[in-house]
Amino acid sequence: MEAKIALAGNPNSGKTTLFNELTGARQHVGNYPGVTVEKKEGSYVHDGYNIHIVDLPGTYSLTAYSLEEVVARDFLVNEKPEAVIDIIDSSNLERNLYLAIQFLEMGIPLCIALNMTDVAEKRGIKINGEKLSTLLGVPVVPTIARTGEGKNDLINAAVKIVQKKRKQSNLEISYGDDLDRTLFEMEEEIRANEFLTDTYQTRWIALKYLENDKQILLKGQESNPSLSAKLEKMVKKVSQHLERTLNTYPEAMIADQRYGYIKSIIKQGVIQQQHDQNRLYTSDKIDQIVTNRFLGPIIMLAILMGLYHFTFTYSEIPVGWLENFFGWLGDVASTHLADGLLKSLLISGIIDGVGGVLGFVPLIMFMFFGIAMLEDSGYLARVAFMLDRIFRLFGLHGSSVMAFIVSGGIAGGCAVPGVMATRTLKSPRERLATLLTVPFMNCGAKLPVFALLIAAFFSKNEAIMMLIITLIAWLGALLVAKLLRITVIKGKSAPFVMELPPYRFPTFKGLAIHTWERTWQYIKKAGTVILGISIILWAMMTFPGLPDSKVQEFEYQREAAKAAAGITIVRESEEVGEETGLSKEVPDLKNRLKVIDLKEAEEGLRNSIAGRLGIALEGISKWAGFDWRTNIALVGGFAAKEVVISALGTAYSLGEVDPEESDSLSEILAKTPGWSPLAALSLIIFTIFYAPCFVTVVMIVRESGSWKWGAFSMAFNTTLAFVLAALVFQIGSAIGILGG
Ligand code: BGO
């Protein structure tokens, strides 16, 4: 039987020595067609196989920077050897793995020769080949080419790949938020147009465009000039963005992330000993402290607390300004508009609804600024790395951490890109478990709901409360993931590696741009989707209104109150003088009228479509401490979580008719009977866990490939949320804590 195996590796890794060791006198030296690069071929007989061995030119990378790289790459693509042996200099593992990673990205059936183990050992470096093999998903064989040690094991491993016709799945590294997003978009274009896909793989083509690979660019321009131009434009756009925000460019970012991936492999116990501490770079030195088993988690929690403290403390003043601004806007509309539907829509539907959401812009902005700082400095990747160990216990993939963080793991993300970020997870089971649990994170839409309830009921412990909410969300997500992984999505975990890019000093410009981009998304959503839903909900809370007979009844009550007050005024003015009587009695009348107005508004709301729904649900929701108004808000939250705030704003505004009353929503809630810190906590728990918003459900359906998982996430999450909220409320009430 015949087999074709290629030897590859960095220059000086021992390739020639191994080639000679294997082929001996059976060698043939020529040139690769059309170029002056030497091509050595030879043969080796093993286990009934006549193995044809080709020695590829030594390269550090597989991007078309040099002729050797183009030749090596073309050979792999055109000749498709059944296995490739990558010879790695063990004494310089990190650098040598860079090439191995690129083979894996190309989906090459790979076998690693961990060569020069003697040299490495002399330098005090001991490598755990098995661990490396598990993490990379390819066989790893220690060798000493100079003596021929390990030669047979190596060929055995390569022949096994040939025999099993083993397909190597493509390694997909995350290249950071910006590049990942562009890669997804480019891949869609490439796939749809079958652009160069007969020769190369989709993601790899996109990656080469990002790396500005001259050979692929040329082929692309020849094959489909307009699509090639489109892809180049996408690359230009993301390049400019990276330049502005992180002062870097795609090629550098890609190399950084690849090295980050390697660093993470090495840190997982692949190098068991390294005496030569002087060779550690600054990033490694920082990592020794920041990702330390004991210090790391303490530092992480301290940083989170600091972030929450910073956000709540400093955003309070501008949030107050905005609250006052929307209060003033409502007052202006109230004085200048005639009573009627338009006024109600404007004040209760739009100003109190959307204004409630926009009022939190400063808080969102501060939170995003803090997160951008953690992200741009490279610390967030370390958080993911540390949480990795914990995630494994819950049957999740290490890379799931990043999807959780994108979804709002720290607070203020979004589950839609979070669900999309699970695409980098190779194992379908862990991917499914991740995409079903990322919606539990505290996205930017839930954050204002928490901020409102914290301000109303836990104002003395804002940061600690936010930290508790974060921990509840994570714990809940992990436990649900575990539950899913031992029931509906059973199966073994795949090994994983994640990226640890070098630390960087974030630039102020970069932070500002990242903060603004995300804040703008929030504002845009408030002005479009939330505005639309607020108007629909306002209509549901306004119509059909009270029947005429009821309206008339309230009118009579008002008349009667006025008449009674009139009599009193006259009578009292006779006794104590007109002026005193008036000043005492008119506010009394005003109060009486206000009570009648409130009753009418409340009855109107109760009689509305939303009100009836809210009341109908009260039979169940009372177990969790939610009244009918909260129910309306929560039903609205199925569409988008911001609606919880806007609907509460509208619901309480429709019951609040005095224009002089300018209490903020949190003040109103704190004063309303039936509300207590316990009821607020129960609502917080429910908000964390209940059904994802509509767009996220659509994304779950798309990414899981089945509408069943979308339906599952809605039904399961809502049931879970209700059970948890009811438990908290009932137990809290029974033992009488938090005002319950
Ligand atoms: C010289 N162990 C040790 N200790 N050395 C090895 C091993 C190993 O496992 N494998 C290879 N080497 P190439 P590329 C040399 O040539 O095969 C040595 O570029 C010398 N030469 O012997 O050429 C190997 O084909 C004088 O060393 O690598 C060679 O990939 C003094 O690593 C070098 C000392 O191997 C590079 C070494 C005149």
Side-chain angles (χ1 to χ4, degrees), residues 4-32 35-44 51-63 65-76 81 83-103 108 110-130 132-133 138-158 262 270-276 279:
K4 195 190 299 173
I5 292 178
L7 293 188
N10 288 10
N12 288 321
S13 58
K15 222 156 40 64
T16 313
T17 315
L18 188 73
F19 180 76
N20 291 339
E21 192 56 48
L22 290 170
T23 57
R26 298 174 299 275
Q27 286 190 11
H28 165 77
V29 182
N31 270 353
Y32 281 94
V35 285
T36 52
V37 178
E38 191 182 78
K39 183 182 189 186
K40 282 195 272 182
E41 293 169 273
S43 58
Y44 182 78
I51 304 169
H52 179 68
I53 300 179
V54 180
D55 186 24
L56 295 180
T59 59
Y60 293 107
S61 149
L62 283 180
T63 304
Y65 293 131
S66 66
L67 192 55
E68 282 75 13
E69 287 171 351
V70 175
V71 166
R73 202 167 77 182
D74 282 349
F75 180 84
L76 296 174
V84 172
I85 297 176
D86 180 15
I87 296 137
I88 279 181
D89 173 359
S90 312
S91 64
N92 200 353
L93 189 64
E94 193 164 335
R95 181 160 181 196
N96 277 249
L97 277 176
Y98 192 75
L99 181 66
I101 295 304
Q102 292 178 71
F103 284 129
I108 303 280
L110 199 68
C111 170
I112 288 180
L114 214 48
N115 196 33
M116 303 213 190
T117 41
D118 55 333
V119 181
E121 267 174 39
K122 262 190 217 139
R123 291 193 195 163
I125 303 167
K126 198 162 184 306
I127 297 171
N128 183 342
E130 274 173 33
L132 182 63
S133 166
V138 298
V140 172
V141 183
T143 58
I144 302 175
R146 197 178 242 180
T147 62
E149 210 177 304
K151 180 178 80 175
N152 281 337
D153 292 343
L154 181 66
I155 289 293
N156 254 331
I262 295 166
V270 166
I271 293 190
Q272 289 171 326
Q273 266 178 337
Q274 180 147 15
H275 293 322
D276 194 359
R279 285 180 52 196

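Remember, it's 1-based here, ligands and their atoms both numbered in the order they're listed.
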Counting heavy atoms only, name the option from Asp89, Asn115, Val119, Thr17 that's nearest to atom 35 (O) of ligand 1. Thr17
Counting C-beta onward and ignoring hydrogens, is there a side-chain heavy-atom pair between [X] and [Y] closer than 4.5 Å?
| X | Y | answer |
| --- | --- | --- |
| Asp86 | Ile108 | no |
| Thr143 | Thr117 | no |
| Leu76 | Leu56 | yes |
| Thr16 | Lys40 | yes |
| Asn10 | Tyr98 | no |

If I take atom CG from residue Leu154 and atom SG from residue Cys111, how far apart are they, to the nearest 0.5 angstrom? 5.0 Å
Closest approach of [X] and [Y], non-hydrogen atoms and distance?
| X | Y | result |
| --- | --- | --- |
| Ser13 | Asn115 | O-ND2, 2.8 Å |
| Ala6 | Phe75 | CB-CE2, 4.1 Å |
| Lys15 | Ala8 | CD-C, 3.3 Å |
| Asn96 | Asp89 | OD1-N, 3.1 Å |
| Ile125 | Ser91 | CD1-O, 4.0 Å |
| Val71 | Pro57 | CG1-CG, 3.8 Å |

[atom] - nearest protein heavy atom and its distance:
| atom | value |
| --- | --- |
| atom 28 (O) of ligand 1 | Gly14 N, 3.1 Å |
| atom 19 (O) of ligand 1 | Asn12 N, 2.7 Å |
| atom 27 (O) of ligand 1 | Arg146 NH2, 3.9 Å |
| atom 18 (C) of ligand 1 | Met116 CE, 4.1 Å |

Sub-4.0 Å atoms of ligand 1 with respect to non-hydrogen atoms of [X]:
| X | answer |
| --- | --- |
| Ala145 | 8 (C), 9 (O), 10 (N) |
| Asn10 | 30 (O) |
| Ile144 | 2 (N), 8 (C), 9 (O) |
| Lys15 | 14 (P), 17 (O), 25 (O), 28 (O), 30 (O) |
| Asp118 | 2 (N), 3 (C), 4 (N), 8 (C), 9 (O) |

Under 4.0 Å from [atom], can you find at least one protein heavy atom?
| atom | answer |
| --- | --- |
| atom 3 (C) of ligand 1 | yes |
| atom 21 (N) of ligand 1 | no |
| atom 24 (C) of ligand 1 | yes |
| atom 31 (C) of ligand 1 | no |
| atom 37 (C) of ligand 1 | yes |
| atom 16 (O) of ligand 1 | no |

Where do Leu93 and Val270 land on the side-chain contact (heavy atoms from CB on, under 4.5 Å) test, with the steps shown first? CA-CA 10 Å; Leu93 189 64; Val270 166; 3.9 Å; yes
Between ligand 1 and [X], can you find any atom pair, the residue atom being a heavy atom, that is separated by under 4.0 Å?
| X | result |
| --- | --- |
| Ser13 | yes |
| Asp55 | no |
| Pro11 | yes |

Is the shortest N/O to N/O distance between Thr16 and ligand 1 below 3.5 Å?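 In this structure, Thr16 places an N or O atom under 3.5 Å from an N or O of ligand 1.
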Using a 4.0 Å heavy-atom cut-off, say whether Thr117 meets ligand 1 through its side chain, its backbone, both or neither.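 It is neither; nothing of Thr117 touches ligand 1.
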